[in-house]
> 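My structure is below; once you've seen it, I'll send some questions.
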Amino acid sequence: MIIRAADNGYLHPRSSEITTQSAYLGRREWLHRLALGAGGAALTGWAARDAMAAVRPGKLAALAGAPSTLPGASTGEKISAYEHASTYNNFYEFGTDKSDPAARAKSLKTNPWTVSVEGLVNKPRTYGLEELLKLAPMEERIYRLRCVEGWSMVIPWVGYSLAALIRAVQPLGSAKYVEFVTQADPQAMPGLRSSVLLWPYVEGLRLDEATHPLTLLAFGMYGEVLPNQNGAPVRLVVPWKYGFKSGKSLVKIRFTDKEPRTAWNIAAPQEYGFYSNVNPDVAHPRWSQATERRIGEEGGLLAKRRKTLMFNGYEPHVGQLYAGMDLRKSF
Ligand SMILES: Nc1nc2c(c(=O)[nH]1)N[C@H]1C(S)=C(S)[C@@H](COP(=O)(O)O)O[C@H]1N2
Ligand SMILES: [Mo]
């Protein structure tokens, strides 16, 4: 982001331009049959992840979610190919090239995993991953993802509203913001040797943004647990904000009364504001945000760019959170 121009022009090999939705649905159907074959038992527990890897080398455990009925939680747009969503990534802990995370993130150890929820809450607590997986029913939500660099995808996530976790820990009246701290393991993450960002990668939301039902705590995508490069075992997805607000591989969630300092804001405060809501009318200092390139679309870099939508198309659902605010100032 800071070190490169917008959309650094990754060209997808034609071979991976396979039909997206049908490939995805085919995969789900196959997983379903696989689950029945295993005695009809749902492949839920995280331990199944390793068992699955033995059955399908290189593949991940199924993680099903009921289609979400929440307004805004689905889109009629074509779902991006899994092959794109899992190989064209930003996860600077593993390097700054789009292909680095998929190539290197296997080293991330996601089991055991805990997330400590602390700060201005009545019930601070360290959650094991298994507990988090059971905290609320899993839903599938199909969200647009718009990176600040000017590209986008449509991804079917599996998870539940972060609000469920927030309710469980009971924020104090003094809590106004939520800080999200992500994993920083120098053994597993070669990118930490670079000073491109201050580690650990920290993000933040206002409490009302964090409790908005569209803010998703995600454990899976495309009907499977998250691949490491997409932020396993648990990440945030905030669909109306630029992608970098959605921290991957979360280890700590802290409630505060002050606006958290965030990794990209510290690195370049004039370029990455705290809010970072998708907004076609507010340009990045070095490029326009009026349009975007949908990854995987016919024509690659020559494909016609799409118009970027206010709040990434989620304005009817989240616009009221920013009523009366100057979105140029609070960018
Ligand atoms: N910990 C961490 N989280 C991160 C990032 C990162 O570098 N480190 N990159 C962000 C950016 S810039 C984007 S666009 C999204 C990309 O998510 P995806 O690879 O699952 O599409 O993750 C975000 N979360
Ligand atoms: Mo991004």
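Throughout, numbering of the chain's residues begins at 1 and tracks the sequence. Counting starts at 1 for both ligands and their atoms, in listed order. What's counted below: heavy atoms across the whole structure, side chains too, no hydrogens, waters or symmetry copies. Worth saying up front: this structure is predicted, and the values here are computed from it rather than measured.
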> May I ask you to list the atoms of ligand 1 that are less than 4.0 angstrom from any heavy atom of Phe91?
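Those of ligand 1 that fall under 4.0 Å from Phe91 are 1 (N), 2 (C), 6 (C), 7 (O), 8 (N).
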> To the nearest 0.5 Å, tell me how far Gln187 CD sits from Leu192 CG.
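That separation rounds to 10.5 Å.
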> Check each atom of ligand 1 against the heavy atoms of Tyr92 and keep those under 4.0 Å away; list them by number with element.
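By the 4.0 Å cutoff, the relevant atoms are 6 (C), 7 (O).
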> Which of these passes side-chain hydrogen bond (donor to acceptor under 3.5 Å, both in side chains) with Glu292: Arg144, Arg146, Arg306?
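The side-chain hydrogen bond (donor to acceptor under 3.5 Å, both in side chains) with Glu292 is passed solely by Arg146 among Arg144, Arg146, Arg306.
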> Could you list the residues that satisfy side-chain hydrogen bond (donor to acceptor under 3.5 Å, both in side chains) with Arg206, not counting sequence neighbours?
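Counting only residues at least two positions away or on another chain, Arg206 forms a side-chain hydrogen bond (donor to acceptor under 3.5 Å, both in side chains) with Asp208, Tyr275.
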> Give the atoms of ligand 1, by number and element, whose distance to some non-hydrogen atom of Thr182 is under 4.0 Å.
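What qualifies from ligand 1 is 1 (N).
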> Below a 4.0 angstrom heavy-atom separation, can you tell me which part of Ser246, side chain or backbone, both or neither, approaches ligand 1?
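For Ser246, only backbone atoms sit under 4.0 Å from ligand 1.
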> So does Arg261 get a backbone contact from the side chain of Asn265, meaning a donor-acceptor N/O pair under 3.5 Å?
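Flag not set: sc Asn265 to bb Arg261 has no pair under 3.5 Å.
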> Counting heavy atoms only, which of Tyr272, Phe180, Phe244, Trp151 is nearest atom 10 (C) of ligand 1?
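The option holding the nearest heavy atom is Phe244.
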> Mind checking the OH-CG spacing from Tyr82 to Asn230? Nearest 0.5 Å is all I need.
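The OH atom of Tyr82 sits 7.0 Å away from the CG atom of Asn230.
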> Establish, yes or no, whether the cationic atom of Lys248 lies under 6.0 Å from the six-membered ring centre of Phe180 and within 45° of the ring axis.
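Here Lys248 fails the 6.0 Å and 45° test against Phe180.
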> I'd like to know if Ser249 contacts ligand 1, where contact means a heavy-atom distance under 4.0 Å to any ligand atom.
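Checking ligand 1 against Ser249, which is what was asked, there is no heavy-atom contact under 4.0 Å.
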> Leu145 heavy atoms, cut-off 4.0 Å: which ligand 1 atoms fall inside?
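Heavy-atom distances to Leu145 below 4.0 Å select 21 (O).
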> Where does the angle between the aromatic ring planes of Tyr160 and Phe219 fall among parallel (under 30°), tilted (30 to 60°) and perpendicular (over 60°)?
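Rings of Tyr160 and Phe219: tilted, 30 to 60°.
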> Phe91: what forms a ring-ring contact (aromatic ring centres under 6.0 Å, His included) with it, not counting sequence neighbours?
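Expected list: Phe94.
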> With backbone taken as N, CA, C and O and side chain as the heavy atoms from C-beta onward, which portion of Asn89 lies under 4.0 Å from ligand 1: side chain, backbone, both, or neither?
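Both backbone and side chain.
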> Heavy atom under 4.0 Å from ligand 1: found in Gln183's side chain, backbone, both, or neither?
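Near ligand 1, Gln183 shows nothing, with every heavy atom at 4.0 Å or more.
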> Could you list which atoms of ligand 1 come closer than 4.0 Å to a heavy atom of Asn230?
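With Asn230 as reference, the close atoms of ligand 1 come out as 18 (P), 19 (O), 20 (O).
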> Report yes if some N/O of Asn90 lies less than 3.5 Å from some N/O of ligand 1; otherwise report no.
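N/O-N/O distance below 3.5 Å exists for this pair.
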> Write down the atom of Asn90, the atom of Pro101, and the distance for their closest heavy-atom approach.
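Heavy-atom minimum between the residues: C-CG, 4.5 Å.
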> Heavy atoms only, cut-off 4.0 Å: how does Val148 contact ligand 1, side chain, backbone, both, or neither?
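It is neither; nothing of Val148 touches ligand 1.
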> So is Arg235 close enough to ligand 1, meaning a heavy atom under 4.0 angstrom away?
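Checking ligand 1 against Arg235, which is what was asked, there is a heavy-atom contact under 4.0 Å.
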> Could you list which atoms of ligand 1 come closer than 4.0 Å to a heavy atom of Cys147?
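Those atoms are 14 (S).
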